[in-house]
Amino acid sequence: SPVPAPTATLVRVLKNSNTLGIAIEGGANTRQPLPRIVTIQKGGSAHNCGQLRVGQIILEVNGISLKGQEHKDAARIIAEAFKTKEKDHIDFLVFEPG
Amino acid sequence: REKRLTLPPSEITLL
């Protein structure tokens, strides 16, 4: 039977808590080349949004591709997206690997 | 035969 291709989903996280509340692993030049969500903390904005899951891979943050970004740079892009007052939300493009 | 992993594991960052 055909294997469905993983589909990317756009998830909008409202900044309705003091913390984003995710832990990520991975980045360019590691075994996990794109950041993967490994923890979602209760009470954080990510948890409140209800659409992010452990195991999802983050492809883009506010339209910025994380492909080729090393771990620290990917983490910085996400942290800055949460910190900026220009937007009350962060858009994550994620997919769930098969 | 076991595949050799050449890339290192990643650190984890809490955001």
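Treat the numbers as computed from the prediction; the structure is a model and nothing was measured. Letters go in sequence order (proteins before strands), and every chain restarts at 1.
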Verify same cluster id: [X], [Y] (apolar side-chain graph, 4.5 Å):
X	Y	answer
A/L14	A/L10	no
B/L14	A/V94	no
A/V54	A/I24	yes

Between [X] and [Y], what is the shortest heavy-atom contact and its length?
X	Y	result
A/A75	B/T13	CB-CG2, 4.0 Å
A/V38	B/I12	CG2-CG2, 4.0 Å
B/S10	A/E25	OG-C, 3.7 Å

Pick one of side chain, backbone, both or neither for A/E70, based on which atoms fall under 4.5 Å of a heavy atom in chain B. neither
Atom pair CG (B/L15) and CD1 (A/I37), whose distance is rounded to the nearest 0.5 Å: 10.0 Å
